[in-house]
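Note on naming: letters A, B, ... go to the chains in the order of the sequence lines (proteins, then strands), and numbering restarts at 1 for each one. The shown structure was predicted, so the numbers you read here are calculated from the model rather than taken from an experiment.
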Amino acid sequence: MNLKLRMEYNPQDIEKKWQDHWKKYNTYKVDNNSKKPKFYALDMFPYPSGAGLHVGHPLGYIATDIMARYKRMSGYEVLHPMGFDSFGLPAEQYAIETGQHPAITTKQNIETFKNQLSKIGFDYDWDREIQTSSPQYYKWTQIIFQEIFESWYNYDTQKAEHINTLITHFEKNGNANVNAECDEDIIQFTATDWQNYSKHQQQEILLKYRLTFIADSFVNWCPALGTVLANDEVKDGLSERGGHPVERKKMRQWMMRITAYADRLLEGLENLEWSDALKEMQRNWIGKSTGCEIDFKVKDKNITLTAFTTRIDTIFGVSYLVLAPEHEIIGELTTLSQKNEVEKYVTWAKNRSERERQTEVKTVSGVFTGSYATNPFSDEKIPIWIADYVLSGYGTGVVMGVPSSDDRDFRFANNFNLPIKMVIEGTETMENPTEKKYGKMINSEFLNGLETKDAIAKAISFVKERNIGKAKVNFRLRDAVFSRQRYWGEPVPVYFKNGIPYLVPKENLPLTLPEISAYKPTEDGEPPLARATDWYYTDKNTGEKYPYEHSTMPGWAGSSWYFLRYMDANNDNELVSKNAMQYWQQVDLYVGGTEHAVGHLLYSRFWAKFLFDRGIINFDEPFKKLVNQGMIQGRSALIYRKKGENVYVDSELAKKYNEDELQQLHVDVNIVKNDILDIEAYKNWRNDEDWQKEMQNATFLTGENDAFNCDYLVEKMSKRWYNVVNPDDVIARYSADTLRLYEMFLGPLEQSKPWNTQGIDGTQRFLRKLWRLFYDEKDGNFLVKDETPTPAELKSLHKLLKGMHEEIAEYSFNTIVSKYMIVVNELSDLKCHKKAILEQLLQALAPFAPHITEELWENLGHKTSIHHSIMPNFEEKHLVESNFEYPISVNGKVRTQILFDLEKPTTEIEQEVLGNDIIQKWLEGKIPKKIIVVKGRIVNVVI
RNA sequence: GCCGAAGUGGUGGAAUGGUAGACACGCAAGACUUAAAAUCUUGUGAGCAGUAAUACUCGUGCGGGUUCAAGUCCCGCCUUUGGUACCA
């Protein structure tokens, strides 16, 4: 029996054995006091959804696991942790529907996830697990919030400082000369003013400077659901759930002044090893634009409208002004005759989502206010319009319309018959002048003849001279809304006294979520936490009770700093100890999807910079190197059934039917193999009686070879399409090592691809073939011998080692897997069972297939884990080639091959090539124009 | 709409500007077997000619361009896909 076990590759036993062993002996324990160089590999932690882990999740985890193991074998102390982003909407939604506390659902889901993860053979040190929804963790999220509350951004020092430095400044000098990121509506005050203000007034003022503050901002309010919705929960102005109307409503929200960091977030990108694509996305998101603010006086009214433009050079081409529908001044601008129309338009436009307003460029909409403004350059009278393509959140909410050089302005002017004035030379005759946006100025008085750049400079100095505006840098980036009208998030550790927020004392933290009767908002639209009874902050001295903040923190709060907590996950005194932080520093490798490109990755950078400013950490970028893994999509299986009949039709046969004769149905991908349906499994797909009865008389019209073929469709992996593949099933059927190899073999890590179990047999076969290099499967004999390897065997091994080291540095895991396959194929052909070769092969493979290699390593007689052995390097001497078979091409088309010594001089190669029969034939007696010889590559004869 | 990415055989994919299709799946034929599984061997982009070895033509989403040479570089499109600020 024992013999039989050893005879063939038996992954189920081996994998269980080693997973238990590693756990028992703490093989992957991480040491914060190590003397080794460190390597920190991190995955974007998962949201533990109720659906459990699907095969898409582990893709990135396997990649980091491979890197972690590779680095450990290369002499590094490796931190490779895992945890859960466990606050979130799905658990809350489930709680609303069922009344079950989201903590319960979350706990269950985390258990499922951990159970699934543990079977894949990751080297996590589970002692460092974190959960963002646990009070031990969110205590520190709350403390970071408090630090942000206690800070202001000083542009003079270019960093966040404690609010006390600002108070000192106010006490000495008032707020003159304070160069801070703050609210717009600041009034000037002196030191004496400050001292005379009441405590309340002082707090009010400070709130305008704090890095987190309270402001009104627009949200998608759904009165019927009594809740705020995300943009993607809104479809065509209606809620996705229930289809109720949604309106844009201003709500008091906590905000964070991320815009203070806009420049640093932009500059910081330079030194990061992130893909250019990702950096570009962040740059565009931050959207720095250098331009000019310019004042337009409204005719016959004491109103000035300030517009922001990056193209002040086109000022003479302005034919109208446009305001965002949210602009507060609209009421004053609207003339009596336009009042009805304006109000109608504003109500309509305000309730459109930003997405809609920007997407529908073809349908131009807007309304005339009845008022006019004066162009400060030309004194021309121009109409003032309102249009929803102007967003209130960007710039000043006022745009100067230049139809001749802006596409949206052009469409707008055309639609409303507004004049179009050409200001760039060459556009006069063009049907669409916006196709030429830069060039020499015309029709622009003193700007005439200047190139765009110079015209901008001259116009700006004119603006300054006349005091009608100023040069201005604008960012597309907006301050981040930090409130959520939800239950399942971190409570904001703040209470209110006379409408002013005060911090809950540190010793009272964590401020935990109170129990409430139902998890939805109150009838009058207050967040769920307003339902909590007797949830107040009690002043220790006076015994007075003050209400807590009722909104909770957003999903990004907990995930913006979690990488720090892993360094010192169980520290009750600090969010991370100095020692741990100084050892681990930045994350060396961060792997996750592009869907986080601008959300999570920008917020984490923001918080890291803040924590750096305040001296809590000593680096200001969290993730040094980042790799984006592609999405794993589902590959749904489709079958056809005749409409109204209990007859199923093979996909090939289905082509002969009319489309409306057949019904297309999704079928569970787990009962389909290589696009062929397992009919028996289908009959037992569902347990209920109706199904069983129906299946008794079901007919299956099969195709070739009596097989029932299915069609397929690539779409999101989701329960409802029956295309979810669970890693547990794959492991049970094949093995964890097979799954790991296959996920890597599927294609480049960065690329999105559909999951298709077709092909997984190949990686399983590879592992069995590897096993057969060690064991004779027929008689169970151990084949490994202590013999001296031949040059061919050494070459095969070192080709692999070279490729593996090179490609792992490029994260090209898929090509490494093929290199393993090639070496095992070659060694099998060579009948190589030599210890010196196989031992190193195992080490090279260990990061990818940790179980089988550990087992065979032990069988080779090793007493310590292969994962703590030293990774072998390659030696060039085994790889040297003396000659090369050159492809010989004529005019770029390969016609023959000739073997040449690599040292052979070019002239001799040329002669021999020209003498070759096949080349002679192609020359047809002509003399070649030239011959190109690229050493070790190719020869090209040009006729 | 805007920003980002991708498009190569029946399938997943490989290819420092230098022999397109490595490696693997699938399929076909054969070997072993009473049989099946497993394993092994051979073939497999399309077209065309040939009994055959082989030769030639076409071929990396579409249309242009640069180059001795383009899947790769440049210009213009098309399709799919991620993000678009309260999904995570």
Colleague: Please report, rounded to the nearest Å, how far the C1' atom of B:rA69 is from the NZ atom of A:Lys930.
Modeller: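 A:Lys930 atom NZ is separated from B:rA69 atom C1' by 10 Å.
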Colleague: Taking pairing as Watson-Crick or G-U wobble with both contacts under 3.5 Å, can you name the mate of B:rG59, or confirm there isn't one?
Modeller: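 Its partner is none (no Watson-Crick or G-U wobble pair with both distances under 3.5 Å).
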Colleague: Round to a whole Å and report the spacing from CD1 of A:Ile932 to P of B:rG17.
Modeller: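 After rounding, the gap between these two atoms is 17 Å.
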Colleague: Check the distance between B:rG1's P and A:Asn284's CG and give it to me in whole angstrom.
Modeller: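 So the CG-P distance, A:Asn284 to B:rG1, works out to 17 Å.
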Colleague: Between B:rG26, B:rU57, B:rU84, which one does the side chain of A:Trp285 approach most closely?
Modeller: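 Among the listed nucleotides, the one closest to the side chain of A:Trp285 is B:rU84.
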Colleague: Just name whichever nucleotide pairs with B:rG10, Watson-Crick or G-U, keeping both distances under 3.5 Å, else none.
Modeller: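 B:rG10 is paired with B:rC25.
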Colleague: Just the rounded figure in Å: distance from P of B:rA88 to NE2 of A:His54.
Modeller: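 It works out to 16 Å between those atoms.
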Colleague: Of the nucleotides B:rC40, B:rA24, B:rG18, which has the atom closest to the A:Val934 side chain?
Modeller: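 Out of B:rC40, B:rA24, B:rG18, the nucleotide with an atom closest to A:Val934's side chain is B:rG18.
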Colleague: Starting the side chain at C-beta, find the nucleotide from B:rC68, B:rC3, B:rC86 nearest to A:Asn940.
Modeller: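 Of all the options, the side chain of A:Asn940 is nearest to B:rC68.
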Colleague: Quick one: A:Ile676 CD1 to B:rU11 P, roughly how many Å, whole number?
Modeller: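 Rounded to whole Å, this separation is 16 Å.
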Colleague: Considering every strand and a 4.0 Å limit on heavy-atom distances, what is the contact class for A:Gly555: base, sugar-phosphate, or nothing?
Modeller: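 It contacts nothing in the nucleic acid.
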Colleague: From C-beta outward on A:Glu280, which listed nucleotide comes closest to its side chain: B:rC86, B:rG4, B:rA88?
Modeller: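 Of the options given, the side chain of A:Glu280 lies nearest B:rG4.
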Colleague: Rounded to the Å, how far apart are A:Met821 CE and B:rA24 P?
Modeller: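 After rounding, the reported distance stands at 6 Å.
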Colleague: Does B:rG71 have a Watson-Crick or wobble partner in any strand here, with both distances under 3.5 angstrom, and which is it?
Modeller: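 Per the H-bond distance test, none.
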Colleague: Please pick, from B:rG13, B:rU19, B:rA88, the nucleotide with the shortest atom-to-atom distance to any side-chain atom of A:Asn814.
Modeller: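 So the nucleotide nearest the side chain must be B:rG13.
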Colleague: If pairing requires Watson-Crick or G-U wobble contacts with both distances under 3.5 Å, which nucleotide is the partner of B:rU84?
Modeller: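 With both distances under 3.5 Å, B:rU84 matches B:rG1.
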Colleague: Would the A:Phe410 and A:Phe412 ring centres measure less than 6.0 Å apart?
Modeller: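 Between A:Phe412 and A:Phe410, which both carry aromatic rings, the centre distance is not below 6.0 Å.
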Colleague: If B:rU54 has a Watson-Crick or G-U wobble mate with both distances under 3.5 Å, name it; if not, just say none.
Modeller: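 Base-paired to B:rA49.
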Colleague: Taking the six-membered ring of A:Trp285 (Phe, Tyr or Trp), confirm whether the NZ or CZ of A:Arg476 is under 6.0 Å from its centre and within 45° of its axis.
Modeller: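 Judged by the rule, A:Arg476 and A:Trp285 form a cation-pi pair.
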Colleague: From the list B:rG10, B:rC68, B:rU39, which nucleotide is the closest neighbour of the side chain of A:Gln758?
Modeller: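 Closest nucleotide among those given: B:rG10.
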Colleague: If I take atom CD1 in residue A:Ile286 and atom P in nucleotide B:rU84, what distance separates them, rounded to the nearest angstrom?
Modeller: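 Atom-to-atom, A:Ile286 to B:rU84, this comes out as 16 Å.
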Colleague: How many Å lie between CG on A:Leu278 and P on B:rC3, as a whole number?
Modeller: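 It works out to 17 Å between those atoms.
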Colleague: Side-chain N or O of A:Arg765 less than 4.0 angstrom from OP1 or OP2 on B:rA38?
Modeller: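 It does not, given that no N or O in the side chain of A:Arg765 lies less than 4.0 Å from OP1 or OP2 of B:rA38.
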Colleague: Aromatic contact between A:Trp274 and A:Tyr590, with the criterion being ring centroids under 6.0 Å apart: yes or no?
Modeller: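 Aromatic pair excluded; centres sit 6.0 Å or further apart.
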Colleague: What nucleotide among B:rU19, B:rC86, B:rG12 has an atom nearest to a side-chain atom of A:Lys753?
Modeller: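 Per side-chain heavy atoms of A:Lys753, the pick is B:rG12.
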Colleague: Taking the six-membered ring for Trp and the full ring for Phe, Tyr or His, determine whether the centres of A:Tyr742 and A:Trp755 are under 6.0 Å apart.
Modeller: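 Centroid distance A:Tyr742-A:Trp755: below 6.0 Å, so yes.
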Colleague: Would you indicate whether the side-chain heavy atoms of A:Leu229 and A:Ser239 approach each other to under 4.5 Å?
Modeller: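 A:Ser239 vs A:Leu229: side chains touch.
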Colleague: If you measure from CD on A:Glu354 to OH on A:Tyr394, what distance do you get to the nearest 0.5 Å?
Modeller: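 That separation rounds to 13.0 Å.
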Colleague: Considering only side-chain heavy atoms of A:Arg768, which listed nucleotide, B:rG4, B:rC23, B:rU39, is closest?
Modeller: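 Output: B:rU39.
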